[in-house]
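Sequential numbering from 1 along the given sequence is applied to the chain's residues. The model shown is predicted, which means the values in this text are computed figures rather than measured ones.
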Amino acid sequence: MDNLNQSHEEGSLYYPPGGILIWIIITLELFTFLGASLVFLYYRGLSPMEFKESQNLLSPFIGTINTIVLITSGYFVANSIQKIRVNDTKGSSTQILLGLSLGLLFLLLKGYEYNQKIEVGIGFEYNTFFTFYWLMTGFHFVHVLFGVGLLAYMYNAVKHKKYDSNNYADAEASAVYWHMCDLIWILIFPILYLI
């Protein structure tokens, strides 16, 4: 166990933050979203006018707010891990709660945006652009929903002092997963909303 903690603290290749399994999952997820983004760009090249007109139906303002919300949430989650490492349970739980609250806000804003689209009849089969929109943002939505569940678990575990400076690998893995949600959104947000 001491060797594991020592490798963990040193951030060795054999034990990156969160453990090797979460990094394998993240790599697969990133390749999935990167592949979807490349296919999206290919189809946009085939129908640039349709894609531009469809993009104009999105709200870059809501997308930007959601980007800020998610990145800020990631900041609080990272801070929570720093606090766990120094046995600051109260500080860690506060930081997780802030990150969790912002994660829920992201989901609410995205749900509001989805509702706007559905009310005007823009669904999955509306056109090629919106097929990609619903697939990519919907898949990301599910990831964030799962991540919020992890943060809720993390919050409860920290409140009950399950984690401390010698035992926080699970919390760190959850935080790494949450940062993956940030990274995926940063990848798909400009492609769908801005470019």
Side-chain angles (χ1 to χ4, degrees), residues 16-78 99-100 102-152 172-195:
I20 194 70
L21 180 60
I22 193 70
W23 286 97
I24 291 169
I25 292 168
I26 287 171
T27 301
L28 293 172
E29 294 290 338
L30 289 175
F31 276 116
T32 299
F33 277 97
L34 183 60
S37 298
L38 291 173
V39 174
F40 172 85
L41 293 172
Y42 170 77
Y43 277 98
R44 187 179 74 180
L46 296 178
S47 307
M49 290 304 295
E50 175 190 313
F51 273 56
K52 189 62 182 167
E53 289 169 4
S54 297
Q55 187 181 57
N56 290 337
L57 299 174
L58 298 180
S59 171
F61 177 73
I62 292 175
T64 301
I65 296 299
N66 253 348
T67 303
I68 293 166
V69 164
L70 204 55
I71 291 171
T72 305
S73 174
Y75 169 79
F76 287 125
V77 171
L100 172 60
L102 289 172
L104 289 169
L105 179 59
F106 177 92
L107 294 173
L108 287 172
L109 287 170
K110 199 75 199 134
Y112 171 76
E113 187 180 22
Y114 285 158
N115 189 54
Q116 283 184 318
K117 300 292 166 279
I118 291 167
E119 282 183 351
V120 295
I122 299 175
F124 182 78
E125 295 179 357
Y126 185 77
N127 63 21
T128 306
F129 176 91
F130 278 104
T131 298
F132 278 103
Y133 168 83
W134 284 104
L135 283 173
M136 293 168 75
T137 65
F139 196 41
H140 180 261
F141 186 93
V142 170
H143 281 74
V144 173
L145 191 60
F146 181 73
V148 162
L150 288 176
L151 294 183
E172 194 171 54
S174 297
V176 170
Y177 177 89
W178 191 248
H179 295 313
M180 177 196 72
C181 293
D182 291 351
L183 188 57
I184 289 170
W185 182 252
I186 291 168
L187 173 68
I188 64 176
F189 165 65
I191 290 172
L192 290 173
Y193 288 79
L194 304 176
I195 299 174

Looking at Ile195 and Arg44, what are the two nearest heavy atoms and their distance? O-NH1, 3.1 Å
Heavy-atom closest contact (Val77 atom, Ala175 atom, distance): CG1-CB, 3.5 Å
For the CD atom of Gln55 and the CG atom of Leu194, what is their distance to the nearest 0.5 Å? 7.0 Å
Which heavy-atom pair separates Gly99 from Ser73 by the least distance, and what is that distance? O-OG, 2.7 Å
Closest non-hydrogen contact found for Ser59 with Glu113 is N-OE2, 4.2 Å
Are Phe33 and His143 packed together at the side-chain level, in the sense that at least one heavy-atom pair is separated by less than 4.5 angstrom? yes
Within-4.5 Å side-chain heavy-atom neighbours: Asn66 and Leu70: no
Go through the steps to decide whether Phe189 and His140 satisfy the test ring-ring contact (aromatic ring centres under 6.0 Å, His included), and finish with yes or no. CA-CA 11 Å; Phe189 165 65; His140 180 261; over 10 Å; no
Ring-plane angle category for Phe141 and Tyr114, please: parallel below 30°, perpendicular beyond 60°, tilted otherwise. tilted
Distance-minimising heavy-atom pair for Glu50 and Thr128: OE2-N, 3.4 Å
Is it true that His179 and Tyr75 have ring centroids separated by less than 6.0 Å? no
Quick one: CG on Leu34 to OG1 on Thr27, what's the gap to the nearest 0.5 Å? 12.0 Å
Is there side-chain contact between Phe129 and Leu58, with heavy atoms separated by less than 4.5 Å? yes
Can you confirm whether Lys117 sits close enough to Tyr126 that some side-chain heavy atom of one is under 4.5 Å from a side-chain heavy atom of the other? no
Among Tyr133, Phe130, Phe132, which one satisfies ring-ring contact (aromatic ring centres under 6.0 Å, His included) with Tyr43? Phe132
Are side-chain heavy atoms of Leu145 and Leu107 found at a separation under 4.5 Å? yes
Spacing of CZ belonging to Phe31 relative to CG belonging to Leu38, to within rounding of 0.5 Å: 10.5 Å
Are the side chains of Trp185 and Val69 in contact, using a 4.5 Å heavy-atom criterion? no
